[in-house]
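Worth saying up front: this structure is predicted, and the values here are computed from it rather than measured. Computed from heavy atoms alone, side chains included, the values below leave out hydrogens, waters and symmetry copies.
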Amino acid sequence: MRVIGSCSPPPQSKPISFPSFIRNMSAAVGDTVSRPRSVVKKVLAKPQHDGDGALVRRSIGRMELRSLDPFLMLDEFFVTAPAGFPDHPHRGFETVTYMLEGAFNHQDFAGHKGTIRTGDLQWMTAGRGIIHSEMPAGPGTQRGLQLWINLSSNDKMIEPNYQELRKEDIKTAEEGGVEVRVIAGEAMGVRSPVYTRTPAMYLDFTLKPGAEWRQSIPESWNSFVYVIEGEGVFGSSNTSPASPHHVLILGSGDGLCVWNNSSNALRFVLIGGQPLNEPVVQYGPFVMNTQDEIDQTIDDYHFCRNGFEKAKYWQSQ
């Protein structure tokens with residue numbers, strides 16, 4: 001049975017000619033969505049400099065969108081050597097690095113090191129403290145997404161941890177002209193092995209021309225879309241198409257409806273998470289619940305203690 005509710009296809013001002021295999025696609029596929037989420041805010045991620053000469057497009061974490069509980073920041077980064085992100089600390093949250101093109105070398109003060117290549121994922125729980133570097137691994141421009149996810153007060157001082165998946169280990173599924181890479185959470189009956197301390201979903205969708213999709217989202221979660229390539233209609237039929245580098249904040253509801261009415265592929269990530277509903281006090285790469293905890297963190301970092309002991313004699317190579 002085709003259940004579309006208010007997710008009916010948007011009207012076209014003029015017909016678009018698609019190849020026969022696209023015209024014959026199922027008109028609507030995906031989960032049952034009875035209360036589609038609408039786009040309540042749209043922000044263009046404008047270029048800015050960060051790190052040591054790196055260029056980023058920051059969507060969440062800029063003045064127009066300080067945060068979206070539990071998410072603290074989303075950057076699309078473009079880095080060409082010798083620029084990069086040399087030695088720097090974190091405490092109190094997680095960084096999720098997803099490479100779109102190229103590769104990054106990573107190393108930290110605990111001896112963990114490796115290379116994150118195109119399509120690879122690194123889910124790093126900084127917890128009580130990590131100092132690390134993230135630098136280009138080759139020539140040309142390295143491109144990817146980095147998401148910061150807040151940790152609850154109970155988890156902010158846990159031991160650091162990594163979850164890493166190679167491109168070939170990230171589960172994928174395809175249906176009706178829609179492909180998804182399941183970074184975290186579940187889609188099309190496929191579940192990611194990534195453990196999310198703060199419950200979250202992270203889905204990388206590609207829709208062929210003429211395809212549409214419905215994806216369920218837990219009603220209590222905050223969620224957003226970030227457009228990587230192409231143009232798409234998100235939320236409702238009267239929404240104007242969204243283009244690359246835009247973040248779309250979704251309102252309340254039980255899922256997202258999306259249409260690709262263009263003649264090119266549409267690629268976007270859908271990210272959602274359970275709000276922590278806790279105070280957030282941030283000082284750069286340190287995110288705690290109170291100013292006293294931030295002051296303590298600055299002292300711990302400066303004096304190499306309480307999680308930062310290994311920083312005293314460490315420097316990346």
Side-chain angles (χ1 to χ4, degrees), residues 45 47-61 71-88 90 93-108 112-126 130 132-149 160-173 179-185 187 190 192-196 200-206 224-230 244-247 265-271 285 316:
Q48 65 183 68
H49 289 286
D50 196 32
D52 185 4
L55 182 69
V56 304
R57 284 181 174 269
R58 181 160 299 161
S59 48
I60 298 176
F71 307 110
L72 303 163
M73 189 194 79
L74 178 68
D75 279 353
E76 181 180 6
F77 58 83
F78 305 81
V79 184
T80 303
F85 304 96
D87 304 2
H88 60 280
H90 295 290
F93 61 99
E94 299 181 299
T95 69
V96 181
T97 304
Y98 183 41
M99 292 301 301
L100 301 177
E101 299 174 21
F104 254 38
N105 287 326
H106 167 271
Q107 55 181 302
D108 71 17
H112 184 92
K113 61 175 61 177
T115 301
I116 315 168
R117 305 186 186 279
T118 303
D120 291 351
L121 169 75
Q122 181 192 76
W123 196 294
M124 183 184 82
T125 303
I130 275 182
H132 71 161
S133 66
E134 301 159 290
M135 301 296 290
T141 299
Q142 324 301 311
R143 177 185 175 215
L145 300 174
Q146 186 167 100
L147 175 71
W148 288 11
I149 306 178
N161 182 58
Y162 291 91
Q163 300 177 81
E164 295 176 317
L165 291 177
R166 296 299 183 191
K167 176 181 179 179
E168 57 271 19
D169 297 325
I170 294 177
K171 295 185 177 182
T172 64
E179 181 182 68
V180 63
R181 305 187 78 225
V182 185
I183 309 302
V190 173
S192 168
V194 170
Y195 171 66
T196 57
M201 62 190 300
Y202 191 141
L203 307 174
D204 176 3
F205 282 104
T206 300
F224 67 92
V225 163
Y226 185 77
V227 183
I228 300 172
E229 297 172 3
H245 315 303
H246 280 92
V247 63
L266 164 67
R267 186 181 183 189
F268 64 93
V269 292
L270 169 62
I271 297 173
S316 64

Self-check item: Glu94 and Thr125: CA distance, side-chain angles, deciding distance, side chain to side chain donor-acceptor pair (under 3.5 Å) verdict
Solution: CA-CA 4 Å; Glu94 299 181 299; Thr125 303; 2.6 Å; yes
Quiz item: When you look at Glu134 and His88, which way does the side-chain contact (heavy atoms from CB on, under 4.5 Å) test go after all the steps?
Solution: CA-CA 9 Å; Glu134 301 159 290; His88 60 280; 3.2 Å; yes
Self-check item: Test side-chain contact (heavy atoms from CB on, under 4.5 Å) applied to Thr172 and Val190, step by step
Solution: CA-CA 7 Å; Thr172 64; Val190 173; over 6 Å; no
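Aromatic ring orientation, Phe85 versus Phe104: tilted (interplanar angle from 30° to 60°).
The two residues Val79 and Phe77 come nearest to each other via the heavy atoms CG2-CD1, 4.0 Å. The nearest pair of heavy atoms linking Leu72 to Ile149 is CD1-C, 4.3 Å. The nearest pair of heavy atoms linking Leu266 to Val227 is CD1-CG1, 4.3 Å. The minimum heavy-atom distance linking Gly230 with Pro244 is given by the pair O-CD, 3.2 Å. Between His90 and Ala126 the shortest heavy-atom distance is CB-CB, 3.6 Å.
Scanning for side chain to side chain contact (heavy atoms under 4.5 Å, CB included) contacts around Thr196 gives Trp123, Ala184, Val194, Ala200, with sequence neighbours left out. Shown here are the side chain to side chain contact (heavy atoms under 4.5 Å, CB included) partners of Asp108, two or more places apart in sequence or in another chain: His106, Ala110, His112, Ile130, His132, Tyr162. Residues meeting the salt bridge (charged side-chain N to carboxylate O under 4.0 Å, His left out) test with Glu164, sequence neighbours left out: none. Take Ala81 and apply the side chain to side chain contact (heavy atoms under 4.5 Å, CB included) test, not counting sequence neighbours, and it matches Pro136. In this structure, the salt bridge (charged side-chain N to carboxylate O under 4.0 Å, His left out) partners of Asp120, at least two apart in sequence or on a different chain, are Arg166. Evaluation of the side-chain hydrogen bond (donor to acceptor under 3.5 Å, both in side chains) rule for Ser133 yields no partner, not counting sequence neighbours.
Within the model, atoms OH of Tyr202 and OG of Ser192 stand 11.5 Å from one another, a figure rounded to the nearest 0.5 Å. Separation of atoms CG (Leu147) and CD1 (Ile60) is listed at 7.0 Å; rounding is to 0.5 Å. A distance of 5.0 Å separates OG1 in Thr95 from CD in Gln146, rounded to the nearest 0.5 Å. Interatomic distance, Leu74 CG to Leu145 CG, rounded to the nearest 0.5 Å: 6.0 Å. A distance of 10.5 Å separates CD1 of Ile271 from OH of Tyr98, quoted to the nearest 0.5 Å. Going from atom OG1 of Thr118 over to atom CD of Glu101 covers 7.0 Å, rounded to the nearest 0.5 Å.
With Tyr226 as reference, Glu76 is the one residue of Glu76, Arg57, His246 to meet the side-chain hydrogen bond (donor to acceptor under 3.5 Å, both in side chains) rule.
In this structure, Met73 and Arg58 have side chains that are in contact, with non-hydrogen atoms separated by less than 4.5 Å. Taking the side chain as every heavy atom from C-beta outward, Met135 and Gln107 never approach each other to under 4.5 Å. You'll find the side chain of Leu100 stays beyond 4.5 Å of the side chain of Glu229, heavy atoms only. Considering only heavy atoms from C-beta on, Leu121 comes within 4.5 Å of Val96 through its side chain. Using a 4.5 Å cut-off on side-chain heavy atoms (C-beta onward), Pro193 and Leu165 make contact. Taking 4.5 Å as the limit, some side-chain heavy atom of Arg181 sits within range of a side-chain heavy atom of Lys167.
Proximity of a side-chain donor or acceptor of Gln142 to a complementary backbone N or O of Gly140 within less than 3.5 Å is detected.
Taking a 6.0 Å sphere around CZ of Arg143, one finds it holds more than 12 heavy atoms contributed by other residues, nucleotides or ligands.
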